[in-house]
2 protein chains.
Amino acid sequence: MVKMRDVAKLANVSVATVSRVLHNSETVREATRKKVLSVIEQLNYQPNMLARQFRRNETKIILVVVPSIMNTVFSGIIEGIEYEASKHGYRVLLGNTNRNVENEYGLVELLKQKQTDGMILLSERMDADYIKALSEEYPLVLATAYIEGLKVPSVSIDNVSSSRDAVEHLINLGHREIAHITGPLQFAMSRGRYKGYKQALMQNNIEVRNMLVQEGDYTFESGYNQMLKIMAIEKTPTAIFAANDDMAMGAIKAAKELGHNVPTDIAVVGFDNIGFSSRFDPALTTVAQPLFEMGQKSMNLLLLQMQGEPLVKSQYVLECELIVRDSCGGKKKEKVLNEKLTT
Amino acid sequence: MVKMRDVAKLANVSVATVSRVLHNSETVREATRKKVLSVIEQLNYQPNMLARQFRRNETKIILVVVPSIMNTVFSGIIEGIEYEASKHGYRVLLGNTNRNVENEYGLVELLKQKQTDGMILLSERMDADYIKALSEEYPLVLATAYIEGLKVPSVSIDNVSSSRDAVEHLINLGHREIAHITGPLQFAMSRGRYKGYKQALMQNNIEVRNMLVQEGDYTFESGYNQMLKIMAIEKTPTAIFAANDDMAMGAIKAAKELGHNVPTDIAVVGFDNIGFSSRFDPALTTVAQPLFEMGQKSMNLLLLQMQGEPLVKSQYVLECELIVRDSCGGKKKEKVLNEKLTT
DNA sequence: CTGAAAGCGCTAACAG
DNA sequence: CTGTTAGCGCTTTCAG
């Protein structure tokens, strides 16, 4: 392996000069720089990054911890992170936890051992106090997840108000019997979306009926199953608000199987605007999170920390947008495929 | 930052001994080991991995280059890779290229600069000769992709025979007018699947009609558009074989919009068995790749290379399986949700 | 503008 | 079984 010494020797300069050339230091005579560069080319010299990282004690790599890589919500955020990171000379690597906390703790080691300069967490499985402590010692940002009460730098959405908006849309369409399929209620996110649902009903003087609220686990199957349960009760609802798109689609599948038409018999609204929601039949009305922007914001927050800046504001909440498609009957059936679809 | 010297000093031993304890060397007296370990705990010592990596010239990290993270095919393979990697003390990091060759070349730098011990490529965008040269110098495995003629270690499926099987299934159901929506034909994968389609027809004395073959680009939209084209020709087909599930679903959407029923009017078969294929309406008949196994195999091939073993066999082709669901009418409509769905 | 030299923290001979 | 010590390749003062 050709190293800096070899370059220096052949170029008749010192290793220090080679190093300077490599870092575009201003204090190198043009002729010297040219000579060094040509020798670098000639020898096909590649700096040993391990040595550099060791010496500088930084890697220029940031780690994004994802609970699952096959989820368009995460990939959307990651795109924003990558965009912003590359602008600032950082490389993004992903650590997949497969929704396993153990793996999450394992990846944190990379941070502690300085193998990555900073970390963005796209989940909230780890112990809150642990995360808090970690964030005091290392550059860390929570995206989507947000720990109530803890001042850990984070970027999230307002689950409550965006759910409220979604449900209000249904109310405005004339629905009064609206069911809700929640996510697991141990997650703040699920509770937030549930809360928004209740607020919308209450603000419109609609009674919240417990029977109409069923807890799913964010999977398609749970949406399907909870929908069957909901449709088995005496006074069936005319609309469903599911806490995510997967469950919304499961619910629609169940409704169809029971012989109901969506949206004419039952209107459905989801949450997340996953890639498939526009392709589903019927195309799903859903709440879109500003994923790219969340990624950017997270990365910026992380950069500030890595630069040692004091964070004036460390918790950001971004706006969601309700995407009205066919599943809620809120707009006339029109030609599909007229919006940009992501795969 | 507490370092080995600090531990050594407090434990009254040399740094060498601390290092030995850290590496479970047998040649340390139990008492000494205990003492060192307790001091490590007491000081909350974390070895500086950058130093270790630099010194040992290895990172124990392998990099998986993915063209897109929101693709269940890739995530399936990655799971297999991770499973096998962790068994052998390696950590897996993902590099997302967003289907951009530039990014791919950029990630290769990590390998060249020794920031990762090996690399698994889940794509084939880079120049074949470049990959070949790279693989001669560094541990490298191609998964799914496979470069015709080049002896780069790879794990793939037989696109030709698995497509042939899929199309033969349609033929066995009585179809003789079978259309094919291909992927971009500059990819060997697309050509392979196309070839399998033709072989199936020819082996059954069915004429291959050019009009029935349309080139898509693996997106849902292209499946939709090509299907519209296909259904516009005079003698419309009774079955469609799409080169992937996304296009198959797009085709089904088009068929539905044209007033055709799937599968009674038109049977559809896809390829990949992506997560959504079982949830689609109708559930999609498709070719499942042995993703997990492919991941395992790739990682094993990589491990052999990293251990400097000579590869006796470097190219592996694994078997696919045809999953018969509702979209081809090949089995009676039955209760859904009876198979394990992945999200 | 350039060179000499001192390490960064750890590992691995080698010597005891 | 344990300690001493020489670097790994690079960056970065400090002199010149």
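No experiment lies behind these values; they were computed from the predicted model shown. Note on naming: letters A, B, ... go to the chains in the order of the sequence lines (proteins, then strands), and numbering restarts at 1 for each one.
Checked against C:dT11, D:dT11, C:dT2, the side chain of B:Arg56 finds its nearest nucleotide in C:dT11. Nearest nucleotide to the side chain of B:Ser14, out of C:dG3, D:dT11, D:dT4: D:dT4. Considering only the side chain of A:Met4, D:dC10 comes nearest among C:dA12, D:dT12, D:dC10. Out of D:dC10, D:dG3, C:dC10, the shortest distance to the side chain of A:Asn48 is found at D:dC10.
Between A:Thr27 and C:dC1 there is no side-chain polar atom (N or O) within less than 4.0 angstrom of OP1 or OP2. Proximity of B:Thr32 to the phosphate of D:dT2: a side-chain N or O atom is located under 4.0 Å from OP1 or OP2. Residue A:Arg5 places none of its side-chain N or O atoms closer than 4.0 Å to OP1 or OP2 of D:dG9. The shortest distance between the side-chain N/O atoms of A:Thr17 and the OP1/OP2 oxygens of C:dT2 is not below 4.0 Å. Taking 4.0 angstrom as the limit, A:Arg29 places a side-chain polar atom (N or O) nearer than this to OP1 or OP2 of C:dT2. Phosphate contact (OP1/OP2 of C:dT11, side-chain N/O of B:Arg52, threshold under 4.0 Å): present. When the side-chain nitrogen and oxygen atoms of A:Ser19 are compared with OP1 and OP2 of D:dT12, none of them lie within a distance under 4.0 Å. Put simply, A:Tyr45 has a side-chain N or O that comes within less than 4.0 Å of OP1 or OP2 on D:dC10.
Between B:Tyr130 and B:Tyr105, the ring center distance clears the sub-6.0 Å criterion.
Between B:Lys297 and B:Glu293 there is no salt bridge, since none of the side-chain N atoms of the basic residue sits less than 4.0 Å from a carboxylate O of the acidic one.
Proximity of A:Glu84 to A:Asn300: side-chain heavy atoms (C-beta onward) are separated by under 4.5 Å at one or more points. The closest side-chain heavy-atom distance from A:Asn100 to A:Glu104 is not below 4.5 Å.
The separation between B:Glu58 atom CD and D:dC8 atom P is 18 Å, rounded to whole Å. One interatomic measurement links the two molecules: CE of A:Met49 to P of D:dC10, which rounds to 10 Å at whole-angstrom precision. As a whole-Å value, the separation of A:Leu50 CG from C:dC8 P is 19 Å. Counting to the nearest Å, the P atom of D:dC1 and the CZ atom of B:Arg33 are 10 Å from each other. Going from atom NZ of B:Lys3 over to atom C1' of C:dG7 covers 10 Å, rounded to whole Å. Between the CD atom of A:Gln115 and the C1' atom of C:dC10 there is a distance of 14 Å, given to the nearest Å. The CG atom of A:Asn57 sits 17 Å away from the P atom of C:dG7 (whole-angstrom rounding). The interatomic distance linking B:Gln53 (CD) with C:dT11 (C1') rounds to 14 Å, in whole Å.
Counting non-hydrogen atoms under 4.0 angstrom, A:Val18 reaches nothing in the nucleic acid. Counting any heavy atom pair closer than 4.0 Å across all strands shown, B:Asp6 reaches no nucleic acid atom.
In the displayed structure, B:Glu319 atom CD is contacted under 6.0 Å by at most 12 heavy atoms of other residues, nucleotides or ligands.
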Checklist entry - side chain to side chain contact (heavy atoms under 4.5 Å, CB included) between A:Ile69 and B:Leu94: does it pass, once the steps are laid out? => result CA-CA 10 Å; A:Ile69 51 170; B:Leu94 308 177; 3.7 Å; yes

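Mapped onto DNA chain D by nearest heavy atom, B:Arg55 and A:Val15 fall at different nucleotides, with B:Arg55 at the one closer to the 5' end.
A donor-acceptor contact under 3.5 angstrom links the side-chain atoms of A:Arg20 to the base of C:dG3.
For A:Phe54 and D:dC10, the ring-to-base geometry does not satisfy the stacking test (centroid distance below 5.5 Å, interplanar angle below 30°).
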